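Some notes on the structure that comes next.
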2 protein chains.
Amino acid sequence: MAKPSKENSPITEHLAYLLAQANREINRQLELRLSKEGVPVEQWRILKVLSDGNGHSMGELAGAVLLNHPTLTKMIDRMVSDTLVYRVQDPNDRRKVLMFISDRGKVLCKKLNSLAVDQEEHILESYGDKSTSELKRLLENLIDSSN
Amino acid sequence: MAKPSKENSPITEHLAYLLAQANREINRQLELRLSKEGVPVEQWRILKVLSDGNGHSMGELAGAVLLNHPTLTKMIDRMVSDTLVYRVQDPNDRRKVLMFISDRGKVLCKKLNSLAVDQEEHILESYGDKSTSELKRLLENLIDSSN
DNA sequence: TTGAAAATATTGAATATTCAAGAATTGAAG
DNA sequence: CTTCAATTCTTGAATATTCAATATTTTCAA
């Protein structure tokens with residue numbers, strides 16, 4: 001009897017693959033909803049983080065919304081053109097730029113939040129309340145243990 | 001006392017966000033290992049799927065390795081240049097192209113598999129055996145329930 | 001205080017991905 | 001049969017992302 005070796009196990013059994021697959025699917029669904037407002041998922045993330053009303057530096061934002069620094073800069077450029085957010089130089093550290101959400105951004109963010117909540121509720125229905133919260137817990141732990 | 005409304009919950013509590021964050025982190029780690037052989041994660045996936053020795057059509061492959069069709073075509077072009085894989089027209093349906101792994105591809109795939117297994121073992125150590133298998137199970141269910 | 005190193009954000013060129021259109025083949029209805 | 005729609009893959013142009021280099025400001029040690 002051959003020993004079961006991980007090297008030969010199908011890709012569908014790798015955690016990295018399962019995460020990628022699940023992420024792709026859930027993200028696709030969310031994308032579909034947000035496209036009603038013509039906004040990519042990343043912009044929703046940005047608006048949501050900024051909607052606490054505080055100024056957030058680019059570096060901080062990049063980490064929070066899971067984007068590389070230059071990618072974020074260019075996305076913010078577009079959002080500034082659309083007057084959803086605006087830049088202010090940090091008075092305490094002039095290397096930094098603080099990002100703020102505009103009134104127009106707040107209005108859009110509300111609409112997007114409700115579309116996103118729609119999706120979460122759809123997941124709860126088909127996947128179950130218990131599984132969902134258990135999955136969230138495990139993901140949080142995984143993220144913590146990876147730092 | 002204000003009602004706790006999902007619309008205002010921080011982004012870190014959304015399943016879509018947790019999945020994206022976990023995926024990004026685990027993928028980053030895997031990327032780091034595979035970079036030892038100078039191979040992107042997607043190419044490892046392709047080689048792994050093809051390493052069953054059978055021919056796989058482009059459409060089938062695209063689904064299995066989580067890539068859009070045109071993106072896969074261009075990645076396969078590179079891998080053909082590197083003689084890791086090769087194309088054969090499907091004799092039963094000449095619209096299709098069957099992809100096969102080459103001997104060189106097989107050798108590379110073995111090295112990559114062992115790097116990937118290293119990572120899985122590293123996760124098992126820091127995150128735990130039980131959590132990992134439970135997380136995998138939940139992810140599989142989520143994926144199933146999304147179809 | 002000054003000068004070198006570190007931190008922060010942006011830019012431009014190189015790469016990669018995506019969208020829409022095209023080419024080839026098959027299926028199937030009339 | 002034949003023609004028209006559907007399937008499969010590729011291509012080219014438009015977009016987006018990334019890498020490396022740059023500019024600015026701050027920090028901190030000498």
Side-chain angles (χ1 to χ4, degrees), chain A residues 20-21 23-25 27-32 34-35 38-46 49-50 54-82 84-100, chain B residues 20-21 23-25 27-32 34-35 38-46 49-50 54-82 84-100:
Chain A
Q21 194 179 5
N23 177 52
R24 190 176 158 90
E25 177 59 24
N27 200 58
R28 198 190 55 77
Q29 290 175 16
L30 181 55
E31 224 164 36
L32 201 65
L34 298 189
S35 70
V39 175
V41 175
E42 290 79 11
Q43 290 199 15
W44 170 60
R45 288 196 199 128
I46 292 171
V49 170
L50 295 187
N54 300 324
H56 295 259
S57 76
M58 292 296 282
E60 193 192 339
L61 249 191
V65 304
L66 314 176
L67 286 178
N68 294 344
H69 217 143
T71 307
L72 177 63
T73 292
K74 284 155 193 173
M75 183 161 287
I76 288 288
D77 284 347
R78 280 168 247 153
M79 295 177 78
V80 168
S81 298
D82 296 341
L84 296 172
V85 299
Y86 57 94
R87 292 177 160 99
V88 174
Q89 193 174 51
D90 186 338
N92 296 118
D93 184 341
R94 280 152 51 221
R95 287 171 303 183
K96 293 187 185 172
V97 170
L98 297 181
M99 297 304 313
F100 289 90
Chain B
Q21 194 180 6
N23 177 53
R24 190 175 158 89
E25 178 59 26
N27 200 60
R28 197 190 56 77
Q29 289 175 17
L30 181 55
E31 223 165 36
L32 201 65
L34 298 189
S35 72
V39 175
V41 175
E42 290 79 11
Q43 290 199 14
W44 170 60
R45 289 196 199 130
I46 292 171
V49 170
L50 295 186
N54 299 324
H56 294 260
S57 75
M58 291 296 282
E60 194 192 339
L61 248 191
V65 305
L66 314 177
L67 285 178
N68 294 345
H69 217 142
T71 306
L72 177 64
T73 292
K74 285 155 191 175
M75 185 161 283
I76 289 287
D77 285 346
R78 279 168 246 151
M79 294 176 78
V80 169
S81 299
D82 296 341
L84 296 171
V85 300
Y86 57 93
R87 291 177 161 99
V88 175
Q89 195 175 49
D90 185 338
N92 296 116
D93 184 341
R94 281 155 48 227
R95 288 170 302 183
K96 294 187 185 173
V97 171
L98 297 181
M99 298 305 311
F100 290 89

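Residue numbers begin at 1 in each chain, while the letters A, B, ... track the order of the sequences. As the structure is a computational prediction, the values presented were derived from the model and not from experiment. Scope of the values below: all heavy atoms of this structure, side chains included, with no hydrogens, waters or symmetry mates.
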>> Tell me the interatomic distance from Asp90(B), atom CG, to dA24(C), atom C1', rounded to whole angstroms.
In response: 14 Å
>> Output the rounded distance in Å from CZ (Arg28(B)) to C1' (dT18(D)).
In response: 16 Å
>> Rounded to whole Å, how long is the line connecting atom CG of Asp93(A) with atom P of dA6(C)?
In response: 17 Å
> About how many Å separate NZ of Lys96(A) and CD of Gln89(A), when rounded to the nearest 0.5 Å?
Replying inline: 12.5 Å
> Could you state the CG-P distance from Leu98(A) to dT25(D), rounded to the nearest angstrom?
Replying inline: 15 Å
> In whole angstroms, how far is the P atom of dT25(C) from the CZ atom of Arg95(B)?
Replying inline: 11 Å
>> Side chains of Glu25(A) and Gln29(A): any donor to acceptor distance under 3.5 Å?
In response: yes
>> Under a 3.5 Å distance rule, please check whether Arg45(A) uses its side chain to pair with a backbone N or O of Val65(A) as donor and acceptor.
In response: yes
> If you round to the nearest 0.5 Å, how far is CZ of Arg95(B) from CE of Met58(B)?
Replying inline: 15.5 Å
> Side chains of Ile76(B) and Leu61(B): closer than 4.5 Å at any heavy-atom pair?
Replying inline: yes
>> Please report the distance, rounded to the nearest Å, between CG in Asn27(B) and P in dT17(D).
In response: 16 Å
>> For DNA chain D, which residues of residues 75-82 of chain A approach it to below 4.0 angstrom with any heavy atom?
In response: Arg78(A)
>> Using a distance-only criterion (donor-acceptor N/O pair, under 3.5 Å, no hydrogens), is the base of dT26(C) paired with the side chain of Lys96(B)?
In response: no
> Roughly how far apart are Glu42(B) CD and Thr71(B) OG1, rounded to 0.5 Å?
Replying inline: 9.5 Å
>> Please confirm whether the shortest side-chain N or O distance from Arg94(A) to OP1 or OP2 of dT24(D) is below 4.0 Å.
In response: no
>> Expressed as a whole number of angstroms, how long is the span from Lys74(B):NZ to dA14(D):P?
In response: 13 Å
> At their closest point, which heavy atom of Arg87(A) faces which heavy atom of Asp77(A), and how far apart are they?
Replying inline: NH2-OD1, 2.9 Å
>> Under the criterion side-chain contact (heavy atoms from CB on, under 4.5 Å), I'd like the reasoning laid out for Val88(A) against Val97(A): C-alpha separation, chi angles, the key distance, then a yes or no.
In response: CA-CA 6 Å; Val88(A) 174; Val97(A) 170; over 6 Å; no
> Of the nucleotides dT26(C), dA9(C), dA6(C), which one has an atom closest to the side chain of Val97(A)?
Replying inline: dA9(C)
>> Using a strict heavy-atom distance below 4.0 Å, which residues from residues 58-73 of chain A are in contact with DNA chain D?
In response: Asn68(A), Pro70(A), Thr71(A)
>> I'd like to know whether Arg24(A) forms a side-chain contact (heavy atoms from CB on, under 4.5 Å) with Leu67(B), so could you lay out the CA-CA distance, the side-chain angles of the two residues, the decisive distance to 0.1 Å, and finally the verdict.
In response: CA-CA 10 Å; Arg24(A) 190 176 158 90; Leu67(B) 285 178; 5.9 Å; no
>> Please report the distance, rounded to the nearest Å, between NE2 in His56(B) and C1' in dC9(D).
In response: 17 Å
